[in-house]
Protein chains: 2
Amino acid sequence: MEKKNVTIYDIAREAQVSPATVSRILTGTTSVREEKRKKVMEVIEKYDFHPNANARALAENRNKSIAMVVAHSDNSYYSSVFAACESEAYRRGYVLLLMDTSSRAENEVSVLKRVQELRPEAMILCGGRIDLEKQDPEFLSLLRQTMGFTRIVVGSRSPLPGIPGISVDHRASMEMAVRYLAGLGHREIGFVYTGKQFYGTAERLAEFRRVMKGLNLPLRKEWLIGVKDYSVDGGQEGAEKLLKLEKIPTALLGMNDMVSAGLLQGLLAAGLRVPEDISLMGFDDTFVTCITAPQLTSVGYDYQSYGAELVRAALEPEAEWEQDRRIPVFIEERASCAAPGKR
Amino acid sequence: MEKKNVTIYDIAREAQVSPATVSRILTGTTSVREEKRKKVMEVIEKYDFHPNANARALAENRNKSIAMVVAHSDNSYYSSVFAACESEAYRRGYVLLLMDTSSRAENEVSVLKRVQELRPEAMILCGGRIDLEKQDPEFLSLLRQTMGFTRIVVGSRSPLPGIPGISVDHRASMEMAVRYLAGLGHREIGFVYTGKQFYGTAERLAEFRRVMKGLNLPLRKEWLIGVKDYSVDGGQEGAEKLLKLEKIPTALLGMNDMVSAGLLQGLLAAGLRVPEDISLMGFDDTFVTCITAPQLTSVGYDYQSYGAELVRAALEPEAEWEQDRRIPVFIEERASCAAPGKR
DNA sequence: CCGAAAATTGAAACCGGTTTCAGTTTTGCC
DNA sequence: GGCAAAACTGAAACCGGTTTCAATTTTCGG
């Protein structure tokens, strides 16, 4: 059954035309006499011929692929993002080359090398060193170099002129969250955060302070709780720290849904009722929100349009892009927030 | 800054050797005089040259890529699987081309076409029509045709001779789960399933019946509850159906962790205590298990080794593969199961 | 120092497409 | 029917590597 690869030459020979003509039919660049087209199409059908994408890529000097580099492909935030990117890329006839750096610097380096060999038309970079608040000069120079080869788009703020940054609007999300809680009547609000070295966190912390101050709400240092990571464990750690305080806030924001889920567990275990005794909110609006009891109110993003924007920015370099763009956010109300009760 | 692509010819000219020599240095196929090698390496360094992977692919007729086709890339089961595959592929110097079919037949067709053009060295196919209990002849013939071009491996049972099937050992997982619950003293066990048309479900249902019978436990039809989908909603639907019964089992198996999480919510909402009143178990051992309260005991798989096996099977066709292989399973004990109480 | 074997090397063909360029055919119009 | 313009077509170059093959250089035993 050793099927030899059928080429455009085979098709040409059998259809008694030149390879050039077959190519023209395939690419549709020039019109071809109907009679020949029909004949060629028949032969193509007969052999179920598919043009070799590698050869085409070499000849056209473009290969219809986008490298998608993420920090942790099994994290549900990232998988939502790249599922969205994949769908948009597919719509445009592109394929995503998925690479996972596990947030390790050495992988980031070798992945970029790989990208330079693969010559995808663009690279979408999400997570890892790119998100650092204080950007890493070594990594930046690596990016700058890569930029010479392929267009880069990052799912963060723009690290360099010429690299568009598209990210969730952290500031707006925080403002919206705080205002929402304030609107319910909360004055005492805490924030359990992690990864202060990352840009998104830093931005949210700053915005939290700003909005609280603006609304004239008390800003107590012990209600800003840093925890070790973005996980359920992190949330539980947060709950423990919180429960040691003599006074706890009436509402709590968790860094993301996982942290909030952990907080929830910790608080419920301590006998608190949510939302009667304390309200709780998350960020990202992942499916985690539907799994907890009560279900989590969360600030969400439209992943589909996030992905579409990333891909669009990656493939339309000619367009006039702002250096930085923000994906709009919205609040998905569920059951974990209510007006503060009396205690 | 318009950097023209540096080619092997540019390197050759500058280093005063032939392109062939540069190529030999890059591929390491033949020895090259140390002095020339050094000179060439210098020039390569100088221009930070990376050979064009497309050209190489065309010449070598292999492109070090694997197409990974999944049904829903944002589902945490699939993202665990492909994160594992990516890691193994990367280790071997391969890149994964990620494609998502959204379980839609028309996408499955066009994705396969795409694969034939891209000529990856192999394709790993997980989820979608491939998992159907009663296999779809149209799809099979499509696969058979694709097989002529690239090696296929499926994350399910083998659909055709020559296509290795590697899958979670559904039977063992069910047997293990039932025996575990029986070991705790449960005699009345229910199973909330979904997707009877899929192979894994069918296999688990059959195995459930077999093991229950073997252990001489009561097999009541109303404790086998079919629900609409693999989600939290599906679980809630299951809980509703269950709560209408006049007698409910003392332990319950959910199709996967999401379904079990939904079940948990439904049961807790109805005032039942878990595990005191009813024990609950999930499958897949995803991070969902850690988010619920109580945390879910679940049957898990080693995703890392699952991914490694898939990739290995994809890239080592010469090896003697069994047609079908099963990934071992284990029980991850958490807090949702206990000995049955009296009611 | 000589000759044969071993190690290196370059020219050229090749991988499978696309595209330019220069004919060759057709078409459209008077 | 004749001619210019438009439409089509094929030969050949090219994309950027790898590899075969034959020639050249080195190495080494005697």
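Note that the structure is predicted; figures quoted are calculated from it, not measured. What's counted below: heavy atoms across the whole structure, side chains too, no hydrogens, waters or symmetry copies. To find a chain, count down the sequence lines: A is the first, B the second, and so on, and within it residues start at 1.
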Requested in this report: Indicate, with yes or no, if the rings of B:Phe82 and B:Tyr306 have centres closer together than 6.0 Å.
Outcome: no
Requested in this report: Select from B:Arg119 and B:Arg33 the residue whose nearest nucleotide in DNA chain C is closer to the 5' end of that strand.
Outcome: B:Arg33
Rounded distance (Å) that lies between atom [atom2] of [N] and atom [atom1] of [X]:
X	N	atom1	atom2	answer
B:Asn61	C:dG17	CG	C1'	13 Å
B:Asn63	D:dG17	CG	C1'	14 Å
B:His50	D:dG16	NE2	P	16 Å
A:Asp10	C:dC14	CG	P	15 Å
B:Arg62	D:dT19	CZ	C1'	15 Å
A:Ile8	C:dC15	CD1	P	14 Å

For the side chain of [X], starting at C-beta, report the closest nucleotide among [options].
X	options	result
B:Pro51	C:dG16, C:dT19, D:dG17	D:dG17
B:Ala20	C:dA11, C:dG17, D:dG16	C:dA11
B:Val17	D:dT18, C:dT9, C:dG10	C:dG10
A:Thr7	C:dT9, C:dG16, D:dT18	C:dG16

Polar side chain donor-acceptor pair, [X] to [Y], under 3.5 angstrom:
X	Y	answer
B:Ser158	B:Asp324	no
B:Glu14	B:Tyr47	yes
A:Glu86	B:Ser73	no

Side-chain N or O of [X] closer than 4.0 Å to phosphate OP1/OP2 of [N]:
X	N	result
A:Ser23	C:dG17	no
B:Lys36	C:dG10	yes
A:Ser18	D:dA11	no
B:Arg24	D:dT19	no

Report task. Identify whether any heavy atom of B:Asn52 sits under 4.0 Å from a base atom; if not, whether one sits that close to sugar-phosphate; answer base, sugar-phosphate or nothing. Result -> sugar-phosphate
Query raised in the report: Under 4.0 angstrom, heavy atoms only, what part of the nucleic acid is B:Val22 near: base, sugar-phosphate, or nothing?
Result: nothing
Query raised in the report: Under 3.5 Å, is there an N or O donor on one side and an acceptor on the other linking the side chain of B:Tyr9 and the base of D:dG16?
Result: no
Query raised in the report: So, does B:Thr21 use its side chain to make a donor-acceptor pair with the main chain of B:Val17 at under 3.5 Å?
Result: no
